[in-house]
Structures are given as structure tokens and as C-alpha cells.
Undergrad: 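Shown below is the structure under consideration.
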2 protein chains.
Amino acid sequence: MRKSADEARRTRDRIVGTAVLQASTEGLSGLTIGTLAESLGMSKAGVVGPFGSRSELQRATLLRAMDMFTEAVVTPSLAAPPGLPRLRSLIDSWCAYLADSPFPNGCFVTAASCELDGRPGELRTHLRDAVTRWRTFLHDQIATAQSAGDIPTTLTPDALVTTLTGIAMSANQEIQLLADPTAADRARTLMHALISAFSDKAEH
Amino acid sequence: MRKSADEARRTRDRIVGTAVLQASTEGLSGLTIGTLAESLGMSKAGVVGPFGSRSELQRATLLRAMDMFTEAVVTPSLAAPPGLPRLRSLIDSWCAYLADSPFPNGCFVTAASCELDGRPGELRTHLRDAVTRWRTFLHDQIATAQSAGDIPTTLTPDALVTTLTGIAMSANQEIQLLADPTAADRARTLMHALISAFSDKAEH
DNA sequence: TAATTTAGCGAACGATCGTACGGTAAACGA
DNA sequence: TCGTTTACCGTACGATCGTTCGCTAAATTA
């Protein structure tokens, strides 16, 4: 049996990775040590050991899931310059993330938001902060694009953040609950249209 | 002790009503007979008795919650004629429902959608059918309004359904997770703007 | 090489889960 | 008025929950 230090770290990663999968379908509150240990082929003590408690395991799982969202949606967009180019890139990677999610059951952040929004605690605070960061990032790209005159100012940045975020949530429901295979592509077209549609009027 | 037949029906209603409250914060999978019995001042057997099993109690709880959504959002709009008037009425009652929800933790349907979308079964089927009915109803009002020339056809009915539903979901997150008291009103304004905004161009 | 650290296992704990069974007492039908 | 129905309780069941132990054995350090 290998017991080196980085082998332990790899085990921890493997636990969190499997926990994300389980929590995606069962929810963070449905993340149980027993079933997690079974699907990992480990003992319950071995699963909870590296984290100390189930709460800490839940925390690590949520943080990992939010990192995965950032990695899939935000990181690719950083290659594009701020403003409209980055916003366009965001929309594309966002909808690709919705269509082919790293989670088995759609957007983990949206699911966690619905699950945790009424349960004060550390988990909720972590999630709230991450959602605020994401919305602020989106807001900044919109504001930059508007300042540069690249997209019309008919809708305020806040309104566009709400609308774009909403389209993503709605598309997530269409994909996951309603099993509509065209949803992600329609959402992408719709998002691109919404940030530029009003410019037709401006061009007149 | 009263044991009349309609007293039993009232007890059943009371159980389901409390179950909706508990499931709103803990989720349908977090609906446990023990805690439900305690908050009702009843025995576990007395709680699960009228339903036969926990699954049936969950089913009754979900159906009740969906009825409450319909009662709060759809029913008031039926007083207005189909098409744009009914659509405007829907937006108003919808956003009022988001701001002052009959559930302690925001839209039950959205939460249930995220919770159940990856769990095949009777609950998921019930929810999927109800969401499809709601989206179809919304679609019909939009299509009617467009056929009557009351709102522009720049966005297809499907696109508007996705966008309006999404704005509601996003506003729900802003209210419940982000504790933004202005969210419902901003969503209402945004929804009204989106179904008529493109008409500015048409008027030129 | 000898001593220490530590990753993970196996077993057991009290608590709570959903469910089942028999009893009680009030409401109902004859 | 008397037997039947039934709403609900109290209790107990096996299963599973999260957590805590002592143990083994490999990796690390001296």
C-alpha cells in the first residue's frame, strides 16, 4: 500500500471528485459518507478522515464544484480582451458548459443556490460570495462593453446580468428537466441577440 | 377526540400544508416523517397513515406546492382576456409571487426542478408535466398577443418563454440567496420591457 | 536500521430514518 | 343501542446516518 504524502493528496482529490458527482444528483444534503465510501471502494473512516467531518467534506465539495464552473466558463474567456469580446466568449463557454456539463445533472451552482438559499450557514455564505463574484464579473464585462460603445445601453448592466443569468437557468431547466436537446443552442443565440438587439435601433 | 370523516380530511390538509413548509427549506428529499410529526404535534404513524408511505406524502406535497403556484400566478390572470392583457397580468402576479412567496424559501417549483431533474421517478414526471403545462400556457399567451399584433414578433414565443422564465428564476436567486429587496420590482419592469421593447423599432 | 508519523481499515457507538403492528377511543351504520 | 369502522397513538423493528475508536502497515525521519 502506498502512503506517501502526495498519494494522500491524490486520495483527497479523488474523494472530492466523487463527492461532486454524488452531490450533483443527490444534493449537498444528500451527500452521505456511506454511499460515498462504497462508490470509492473505501471505508467510511477513510473517506471522512482527510476532512475531519462531513461538514468539511461538504465545504470542500462545494468549493470544488464552484472551481469547476469557473474553470469551464470564466477561465477560457480571460484569453479575450475585457468588454464585448470577453462577453461573447463568456456566452459561448457558458452555453457549452450548460450543454455538456462537467456535472451529471446540470449546473451545480444553480442547484446549490436553490438548495442552500434558505439555510444560513457557512455553505450558504460561500455560495453567496461566489455567485456575487460571478455576477460582478459579468456586470463588469457589460459595463466595459457599454462604455466602449460596443453594445447599446438600453438595458442597464444589472438588467442584462439578470437576463443573461436567467436565460442560463431557464436553459438548464430545459436541458435537465425537459430533456430539450436544442436548449443550449437556442440560449446561446438568444444571449447574443439580447446584448446587441437594441443596437439596430441605435444604428438608425 | 374528534374522528369525523371531514376532520380526517382537514388533518390530511394540515399535514400537507406543514410538509410544504418543511420541504421548501429542506427539499422534498429532506422531508422526514419524524420532524414533520414533531412540528405537527402528532405521532409518526399518524402523519404517514393518511398517505400510506413517505413517497405518497412527498407526492401530495409536490402536488400541493404546484397548486399553490397556479393559484398565486395563473388563476388571477384568468380574469384578463387571453393575449397581451393576460400576459401583463401574469407578469404582475408572477413577480408578486416571487416577492411575497407562499413558501418560506422562494419558488418551490424552481427548487424542486433543480432537486428532481436528475432523479427519474414519479415525482420528476409530475413536475415535468406541470412545468410543461405552465410553459405552454405562457407560450400561448405570447403567441396570441403576437397574432393580435399587440407585441412584436422579433423574439419567437419560445425565446420569450425562455427569457421570462429565466428572469423569474434569476430574480428568485437575487431575492432568496442574495437578499436583494429590489429584485422583484426590477424583474417586473424588465419583463414588461422585454415583451414590448422591440416595438420601439417597429414604430419608427 | 530503528523510531516516528500517518493513511486508511474495521468495528462499534448512539441517533434517526421509514415502516409495521396492535391498541384505544371516537364516529358511524344498523 | 350495539357492532363496525377508522383516525391516531405508542412501540418496536431493521437499516443507515455521522462519528469515534484502536489497529495495521507503509512512508518518513533520525
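All values derive from a computational prediction rather than experimental measurement. Each chain gets a letter, A, B and so on, in the order the sequences are listed, and its residues count up from 1.
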Undergrad: Between R10(B) (CZ) and dC8(D) (P), how many Å, whole number?
TA: 11 Å
Undergrad: Rounded to whole Å, please give me the gap between CG in L40(A) and C1' in dA7(C).
TA: 15 Å
Undergrad: Please say whether more than 12 non-hydrogen atoms of neighbouring residues, nucleotides or ligands are located less than 6.0 Å from CD in E71(B).
TA: no
Undergrad: What contact category does L36(A) fall into here, base, sugar-phosphate, or nothing, at under 4.0 angstrom with non-hydrogen atoms?
TA: nothing
Undergrad: Rounding to a whole Å, what distance do you find between R12(B):CZ and dC8(D):P?
TA: 12 Å
Undergrad: Applying side chain to side chain contact (heavy atoms under 4.5 Å, CB included), can you list everything that pairs with L62(A), at least two apart in sequence or on another chain?
TA: L28(A), M66(A), F108(A), A112(A), L116(A), L123(A), H126(A), L127(A)
Undergrad: Rounded to whole Å, how long is the line connecting atom CG of L31(A) with atom P of dC17(D)?
TA: 11 Å
Undergrad: The side chain of K44(B) lies closest to which of these nucleotides: dT20(D), dC17(D), dT19(C)?
TA: dT19(C)
Undergrad: In terms of heavy-atom contacts, does CD of E38(A) have more than 12 from other residues, nucleotides or ligands at under 6.0 Å?
TA: no
Undergrad: In whole angstrom, give the distance that lies between atom CG of L57(B) and atom P of dG18(C).
TA: 9 Å
Undergrad: Do any N or O atoms from the side chain of R128(A) and from the backbone of L178(B) form a donor-acceptor pair under 3.5 angstrom?
TA: no
Undergrad: Rounded off to whole Å, could you give me the CD1-to-P distance for the I33(A) and dG10(C) pair?
TA: 17 Å
Undergrad: Under 4.0 Å, counting only non-hydrogen atoms across every strand here, what does T32(B) touch: a base, just sugar-phosphate, or nothing?
TA: sugar-phosphate
Undergrad: Side chain of A45(B), heavy atoms from C-beta onward: which of dG10(C), dT19(C), dC21(C) has the nearest atom to it?
TA: dC21(C)
Undergrad: How many whole angstroms separate atom CZ of R54(A) from atom P of dC17(D)?
TA: 10 Å
Undergrad: Base, sugar-phosphate alone, or nothing: which one does I15(A) contact when heavy atoms must sit under 4.0 Å apart?
TA: nothing
Undergrad: Measure from CE on M42(A) to P on dG18(D) and round the result to the nearest Å.
TA: 15 Å
Undergrad: Are any of the side-chain nitrogens in R188(A) or D92(A) under 4.0 Å away from the carboxylate oxygens of its partner?
TA: yes
Undergrad: Within less than 4.0 Å of OP1 or OP2 of dG18(D), is there a side-chain N or O belonging to S53(A)?
TA: no
Undergrad: Counting the atoms with a prime plus P, OP1 and OP2 as sugar-phosphate, which does S55(B) contact under 4.0 Å by heavy atoms, base, sugar-phosphate, or nothing?
TA: nothing
